[in-house]
Amino acid sequence: MKVISLKDIEGTEHDVDGGNWVSKRMLLKKDGMGYTVNYTTIKPGTETHIWYQNHLESVFLTEGEGEVVTLSDNKVWPIKKDDLYVLDKHDEHLLRTKDGMSMVCVFNPPLTGKEVHDENGVYPVDDSE
């Protein structure tokens with residue numbers, strides 16, 4: 001049994017600022033659950049290019065609104081508080097918000113907690129234990 005609080009993550013190496021976003025890495029690969037849970041805030045007025053070539057992600061919005069643009073078809077997906085969006089095809093996408101968003105993100109395979117997007121918006125896979 002574990003209880004993990006956001007306040008325990010703040011200011012640690014698992015409180016990652018990616019420029020357009022801040023991600024608090026709450027449940028990681030080392031926890032042995034087979035997935036990662038992050039609490040992420042997207043900064044107002046940003047557009048972020050993301051392409052999880054190595055991960056699947058589900059995102060539940062807890063605050064705010066914005067849009068996801070899937071680049072394979074340029075489809076715009078409006079998203080708002082209480083919506084879940086699922087990147088189930090390693091979708092290359094843009095994430096946009098005017099006023100900011102907060103969300104809970106679940107990744108498979110799990111993250112180590114130190115990842116940041118590379119120049120293509122990709123998180124690398126870390127096969128180390």
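Values reported hereafter were calculated over all heavy atoms of this structure, with side chains retained and with hydrogens, waters and symmetry mates removed. Since the structure is predicted, the reported quantities are computational estimates derived from the model, not experimental observations.
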- Task: Any chance you could measure Leu87, atom CG, to Ser58, atom OG, to the nearest 0.5 Å?
- Result: 7.5 Å

- Nearest-0.5 Å distance, CG of residue Asn108 to CG of residue Asn54: 12.0 Å

- Task: Rounded to the nearest 0.5 Å, what's the gap from CD on Glu13 to OG1 on Thr112? Could you check?
- Result: 9.0 Å

- Does the side chain of Phe107 come within less than 4.5 Å of Lys29's, by heavy atoms? no

- Task: Check the pair His49, Leu71 against side-chain contact (heavy atoms from CB on, under 4.5 Å), reporting the backbone distance first and the verdict last.
- Result: CA-CA 10 Å; His49 174 241; Leu71 296 182; 3.8 Å; yes

- Message: Determine whether a donor-acceptor pair (N or O, by modelled atom type, separation under 3.5 Å) exists between the side chain of His93 and the backbone of Thr70.
- Response: no

- Query: How long is the span from the OG atom in Ser23 to the CD1 atom in Ile42, to the nearest 0.5 Å?
  - Reply: 8.5 Å

- Task: Tell me, with the steps shown, if Thr48 and Asn20 meet side chain to side chain donor-acceptor pair (under 3.5 Å).
- Result: CA-CA 7 Å; Thr48 306; Asn20 290 352; 3.0 Å; yes

- Are any non-hydrogen side-chain atoms of Tyr39 and Ile9 less than 4.5 angstrom apart? no

- Item | For Met103 against Thr62, the heavy-atom pair lying closest together | N-OG1, 3.8 Å

- Message: Just so I know, are the side chains of Tyr85 and Leu95 near enough to count as touching, which here means a heavy-atom distance under 4.5 Å?
- Response: yes

- Can we say Glu63 and Lys81 salt-bridge, meaning some charged N sits less than 4.0 Å from an Asp/Glu carboxylate O? no

- Under 3.5 Å, side chain of Asn38 to main-chain N/O of Thr40, donor-acceptor pair present? no

- Which of Lys24, Lys7, Arg25 passes salt bridge (Lys or Arg N to Asp or Glu O under 4.0 Å) with Asp15? It is Lys24

- Task: Tell me, with the steps shown, if Ile79 and Val68 meet side-chain contact (heavy atoms from CB on, under 4.5 Å).
- Result: CA-CA 7 Å; Ile79 53 174; Val68 176; 3.8 Å; yes

- Task: With rounding to the nearest 0.5 Å, note down the distance linking OH in Tyr52 to SG in Cys105.
- Result: 7.0 Å

- Query: How about Lys89 and Leu56: do any of their side-chain heavy atoms sit closer than 4.5 Å?
  - Reply: no

- For side chain to side chain donor-acceptor pair (under 3.5 Å), just list the numbers for Trp21 and Thr41, CA-CA rounded to whole Å, side-chain angles, deciding distance to a tenth of an Å, and then say yes or no. CA-CA 6 Å; Trp21 49 266; Thr41 54; over 6 Å; no

- Query: Is there a path from Leu61 to Met26 through hydrophobic residues (I, L, V, M, F, W, Y) whose side chains come within less than 4.5 Å of each other?
  - Reply: no

- Message: Quick check: closest heavy atoms across His55 and His90, and the distance to 0.1 Å?
- Response: O-ND1, 3.2 Å

- Task: To the nearest 0.5 angstrom, please state how far the CD atom of Glu47 sits from the CD atom of Glu67.
- Result: 8.5 Å

- Query: Does any N or O in the side chain of Thr97 come within less than 3.5 Å of the main-chain N or O of Glu65, such that one atom is a donor and the other an acceptor?
  - Reply: yes

- Kindly work out whether a path of hydrophobic side-chain contacts (I/L/V/M/F/W/Y, heavy atoms less than 4.5 Å apart) joins Val37 to Ile4. yes

- Message: Before you tell me yes or no, could you show the steps for Thr36 and Leu27 under side-chain contact (heavy atoms from CB on, under 4.5 Å), namely the whole-Å CA-CA distance, both residues' side-chain angles and the distance that decides it to 0.1 Å?
- Response: CA-CA 5 Å; Thr36 295; Leu27 191 66; 5.6 Å; no

- Message: Check this for me, if you would: do Lys43 and Asp17 make a salt bridge, where the nitrogen-to-carboxylate-oxygen distance has to be below 4.0 angstrom?
- Response: yes

- Would you say the side-chain atoms of Trp77 pair up with the backbone N or O of Val69, donor to acceptor, closer than 3.5 Å? no

- Message: Please give me the minimum heavy-atom distance between Pro110 and Gly34, naming the atom from each residue.
- Response: CD-O, 3.5 Å

- Query: Residues two or more places apart in sequence or in another chain: which of them pass side chain to side chain contact (heavy atoms under 4.5 Å, CB included) with Asp82?
  - Reply: Phe60

- Got Val104 and Val59 here, is their nearest side-chain heavy-atom distance under 4.5 Å? no

